[in-house]
There are 2 protein chains.
Amino acid sequence: MPNNARFAEIAALAGDPGRASMLTGLMDGRALTASELARLAGVTAQTASSHLMRMTEAGLLLVEKQGRHRYHRLASPAVAQMIESIMRLAAPAVDSKPVRTGPRDAALRAGRTCYDHLAGHLGVSIADSLIDAGHLELGIDAGEVTANGIHLFESAGINVEALTAKGSRILCRPCLDWSERRPHLAGAIGAALCTHCFDKGWIRRVEGSRAVTVTPNGRRQLRETFGVNLS
Amino acid sequence: MPNNARFAEIAALAGDPGRASMLTGLMDGRALTASELARLAGVTAQTASSHLMRMTEAGLLLVEKQGRHRYHRLASPAVAQMIESIMRLAAPAVDSKPVRTGPRDAALRAGRTCYDHLAGHLGVSIADSLIDAGHLELGIDAGEVTANGIHLFESAGINVEALTAKGSRILCRPCLDWSERRPHLAGAIGAALCTHCFDKGWIRRVEGSRAVTVTPNGRRQLRETFGVNLS
DNA sequence: CCAATGCTTCGAGGGCGATCGAAGTGTTGC
DNA sequence: GCAACACTTCGATCGCCCTCGAAGCATTGG
């Protein structure tokens, strides 16, 4: 089975300390430059360049040229999931907390990150509001930001032009929400919106979980800026 | 971060072709002897011994002495999940190529065990049916058994309370199916359901393979008990 | 006991790849 | 244009670890 060789190849790529640092450093979904990743891994630029090329060719990373910088990010949620599964094994026995199906699940339903965008009641509410206001069109299999929507995001401080210029990544796509059973906003614009909310302090991550909570100010800002009403 | 070293160590262990063969060979949850694993990996007994010791010390495998044999198996579902996540990245060729389907591949696609739960067309069909009937919610990143679902499993003779009481293991989680490209049911409840099907004689393991076949009675029982319609 | 089997330990060989210095290409800013 | 910056390519070094032969335990069966 030739498949096995590829299995080992991929695992081996994650099996070098330097590359491991790079991969875990990219887990938040951001795109980092080669220099940043080199510093993060504690190696010289040449070494980092070699690592990044190999991981890109193997399909673990995607790279975007932007001027004299090269931005690298994880190629897909599947890659992030693999890294997460390794991290879980690498973590010391934190398993002490039994992860009860109580407040935590409720928190996950209310709002969480799905790879690099927002999901749960929060994510679906945002998508619904944007759709209702004509800023967004979103179906099961595809989606699009309207001209109105682009204007809205731009005026909120999210540079949509820059996102589309990045080329390879799809600007807007739906992602089916497991708790709400309806699509929420993913793609480059979904990731940008998520980052925006974190940066502005509108949402905060719950320690040791994918769950996020909306701050009082965030709730107000989301309503005023994006017309989102969180019930 | 000392954690990073352990991340790389674990990934590197999976990154050797020989060890990769061993790990994937243990994915059905069975325990194999060192000799069997050596043959599977295509290496001598000495080499295999070294590999097995390292993987055991790293916590990937558990070993059980039994006379002059030493049985090795995956240490936990978390290990199996890591392997599965790597396998999924290793098989992107499913998109481009129509995938030559030998009889054995066809059997694997139809139904197989994924460590300790059911996968393939069988696994996805079960998950879909449970979701449609409101017994289960399952997305890319998380899932949950509904109150209705708990009642269904209990009445079928699966003690859900006992599973949740176990504490550490997650009751319900999705596992992305590599042949169907959609989530199927994993976690404690997925394992319990799989065991239930074997115990009742609804499914049988194909000799020397992870593939399973559904017996005529099993097909009927799955429909009557869990509302599963296998096309 | 002795031979056979399963597995491990020891030691040596050998290849792969991680690393960095040096040099080259492309881009930005003045 | 020139200098600074970001990144890549090339080449050489060197250490790690994969591998197997040989020998050493451990267990089983006769």
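Computed from heavy atoms alone, side chains included, the values below leave out hydrogens, waters and symmetry copies. Reminder, nothing fancy here: chain letters follow the sequence lines and each chain counts from 1.
- Closest to the side chain of Val43(A), out of dC20(C), dT8(D), dT19(D), is dC20(C).
- The CG atom of Leu13(B) sits 17 Å away from the P atom of dC16(D) (whole-angstrom rounding).
- The aromatic rings of Phe226(A) and Phe153(A) sit tilted relative to each other, their planes meeting at an angle between 30° and 60°.
- Take His135(A) and apply the ring pair (Phe, Tyr, Trp, His ring centres under 6.0 Å) test, not counting sequence neighbours, and it matches no residue.
- Summarising the geometry, the separation between OH on Tyr71(A) and P on dA6(D) is reported as 11 Å, rounded to the nearest angstrom.
- Between dT19(D), dT8(D), dC20(C), one nucleotide has an atom nearer to the side chain of Asp16(B) than all others, and that is dT19(D).
- Among dT19(D), dA18(C), dG6(C), the nucleotide with an atom closest to any side-chain atom of Thr47(B) is dT19(D).
- In terms of position along DNA chain C, the nucleotide closest to His72(B) lies nearer the 5' end than the nucleotide closest to the other residue of the pair His72(B) and Ala12(A).
- For the pair Arg54(B) and dC17(D), the criterion of a side-chain N or O lying under 4.0 Å from OP1 or OP2 is not met.
- Using modelled atom types, one finds no donor on one side chain facing an acceptor on the other under 3.5 Å when comparing Gln46(B) with Ser49(B).
- Distance CZ (Arg19(B)) to C1' (dT19(D)): 12 Å, rounded to an integer number of Å.
- In this pair, His196(B) and Trp202(B) present their aromatic rings perpendicular. The plane angle is above 60°, beyond the 30 to 60° band.
- Per the geometry, NE2 belonging to His69(A) stands 16 Å off C1' belonging to dT25(C), to the nearest Å.
- Within 4.0 Å of Ala34(A), counting heavy atoms only, lie sugar-phosphate atoms of the nucleic acid but no base atom.
- Taking side-chain N and O atoms only, Ser49(A) has a distance below 4.0 Å to OP1 or OP2 of dT8(D).
- One interatomic measurement links the two molecules: CG of Leu37(A) to C1' of dT19(C), which rounds to 17 Å at whole-angstrom precision.
- If you check the side chains of Thr213(B) and Arg205(B), you find no donor sitting under 3.5 Å from an acceptor.
- In this structure, the CG atom of Leu52(A) is 15 Å from the P atom of dA6(D), given to the nearest Å.
- Distances shorter than 4.0 Å separate none of the side-chain N or O atoms of His51(B) from OP1 or OP2 on dC17(D).
- Summarising the geometry, atom CZ belonging to Arg73(A) is positioned 4.5 Å from atom CD belonging to Glu64(A); distances are rounded to the nearest 0.5 Å.
- Taking atom CE on Met53(B) and atom P on dC17(D), their separation rounds to 13 Å, with Å as the unit.
- In this structure, the CD atom of Glu57(B) is 12 Å from the P atom of dT8(C), given to the nearest Å.
- Minimum interatomic distance between His184(A) and Ala119(A) (heavy atoms only, all atoms of both residues): CE1-CB, 3.3 Å.
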Return the polar atom pairs (N/O with N/O) between nucleotides 21-28 of chain D and the protein under 3.5 Å, or none.
from, atom 1, to, atom 2, distance (Å)
dG21(D), N7, Gln46(B), NE2, 2.5

